[in-house]
2 protein chains.
Amino acid sequence: MSKIASLTEEEKKLLAGLHTRKQYKKKSVIDQQGSISKAVYYLNNGILSMEYQHGSKVFVRDFIFRDSPALVYPSFYLEEPSRYSIKAITDCDVWELTKENFEIGKKKIPNLGIIAFKITNLFHQNIERRFESMITKSAEDRYLELVENHPKIIQSISLKMIASYLGITDVALSRIRSRLSKKVAKNY
Amino acid sequence: MSKIASLTEEEKKLLAGLHTRKQYKKKSVIDQQGSISKAVYYLNNGILSMEYQHGSKVFVRDFIFRDSPALVYPSFYLEEPSRYSIKAITDCDVWELTKENFEIGKKKIPNLGIIAFKITNLFHQNIERRFESMITKSAEDRYLELVENHPKIIQSISLKMIASYLGITDVALSRIRSRLSKKVAKNY
DNA sequence: CTTTTATCTTAACCTAAGTTAAGAATTATA
DNA sequence: TATAATTCTTAACTTAGGTTAAGATAAAAG
């Protein structure tokens, strides 16, 4: 967090003390859609997913990779039912900051409100970008964009989840992959 | 704004005094993509659009109808280049609150920060919903949803802009319309 | 009032992606 | 270890939507 706004050494220690370190096994549900988000998370290691259920189907809204914050926004701030769940795709190692400790921290660390505001902005920009690429780009381009930003994604996340993230079916993604590998083969 | 958080009569007057009433002719650009948003707007009358340019094409990100706030988020708060423009689709009558006056207001009206935060949350929820319906619904369903929420939209907004909002071409929307009118005809 | 421009519809053709299904390969589990 | 359950690929078929183009109507602009 100290990357986002400057904190004194003392404040860093205080903030760290307000966090709880937790381990989650693969497939565990950390925050449940429909209930009030219990904490903000900072992911030390592993991969998280933000998912929402719509009818009988589950959609991947986003992936969260190591060294990033995970926030169920605005549920965490407003204490209202959340639109999505947070799940562990792999075994995960996270720092949790509960709502109570966040409020305690805000009183003691003036910059914490600003940090929260900036994280919120990051989340907003993230979905804006995602929405924009959904409208302006083809599924193939969206896939290439994702793989470029996160090359290791193929090893650790199932094709079905990646397809869901991209807004297409697993069959369609498999087709895109084989089309791409044929394109690459042509260049030799 | 007083619908969103309670303000005293005195505060309401003060806040109103910080606003400037302006008239915009149809097609005028109120806030330009790439530059820093100059104000928050409250739309008294008319229809605004949020648009972004991507390459040579223009996409409608959202419509703003009367009695609603319009915010270029997060450009207005962070004073960074905005991702989209705000334009007047029809002649518009708006209240403007500049960044300077917003800062003045925040010092004098304790609840104004909270109002700003809530408006921000509304904007976030808006794009979340839009993203979700983009992924989970067909263009036809998205169109029906839009018309249901804003029946007068057909009279005041061109088919091309509505299509852009839905993420499809004008030809595709025209096709959807004729398909729907045939469906209705069948029921008689 | 006339010409130009924008708006909307319709048709023909094409491609991307959904659906269903079947088979191979990998991973879980009894 | 054997069986069951996922995961991934491929194929066949269908449908929604993109592209191009042409014609009709309506709105701007001269």
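Please read all numbers here as calculations on a predicted model, not as lab measurements.
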Residues which pass salt bridge (Lys or Arg N to Asp or Glu O under 4.0 Å) with [X], listed by chain and number, not counting sequence neighbours:
X	value
Glu103(A)	Lys99(A), Lys106(A)
Glu100(B)	none
Asp93(A)	Arg21(A)

- Note on the structure: Under a 4.0 Å heavy-atom criterion, the protein footprint on nucleotides 14-30 of chain C, written with B, S and -, is ---BBBB----------
Between [X] ([atom1]) and [N] ([atom2]), how many Å, whole number?
X	N	atom1	atom2	answer
Lys182(A)	dT9(D)	NZ	C1'	11 Å
Met134(A)	dG17(D)	CE	P	13 Å
Arg177(B)	dG17(D)	CZ	C1'	17 Å

- Query: Is the closest basic N to carboxylate O distance between Lys12(A) and Glu9(A) below 4.0 Å?
  - Reply: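 Yes, charged N to carboxylate O under 4.0 Å.
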- Message: Whether Arg177(B) engages the ring of Tyr143(B) as a cation-pi pair (distance to the six-membered ring centre under 6.0 angstrom, angle to the ring normal within 45°) should be assessed.
- Response: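 Judged by the rule, Arg177(B) and Tyr143(B) form no cation-pi pair.
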- Message: Would Arg142(B) pass as a cation-pi partner of Tyr165(B), given that its NZ or CZ must be under 6.0 Å from the six-membered ring centre and within 45 degrees of the axis?
- Response: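 Pair Arg142(B)/Tyr165(B) does not count as cation-pi.
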- Message: Checking Lys87(B) now: which residues fulfil side chain to side chain contact (heavy atoms under 4.5 Å, CB included) with it, not counting sequence neighbours?
- Response: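 By the side chain to side chain contact (heavy atoms under 4.5 Å, CB included) rule, Lys87(B) matches Val29(B), Ser49(B), Glu51(B), Ser85(B).
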- Task: Please check if the distance between the ring centroids of His19(A) and Tyr42(A) is under 6.0 Å.
- Result: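 Centroid separation for His19(A) and Tyr42(A): 6.0 Å or greater.
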- Query: Heavy atom of residues 150-161 of chain A under 4.0 Å from DNA chain D: which residues?
  - Reply: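 Residues of residues 150-161 of chain A under 4.0 Å from DNA chain D: Ser158(A), Leu159(A), Lys160(A).
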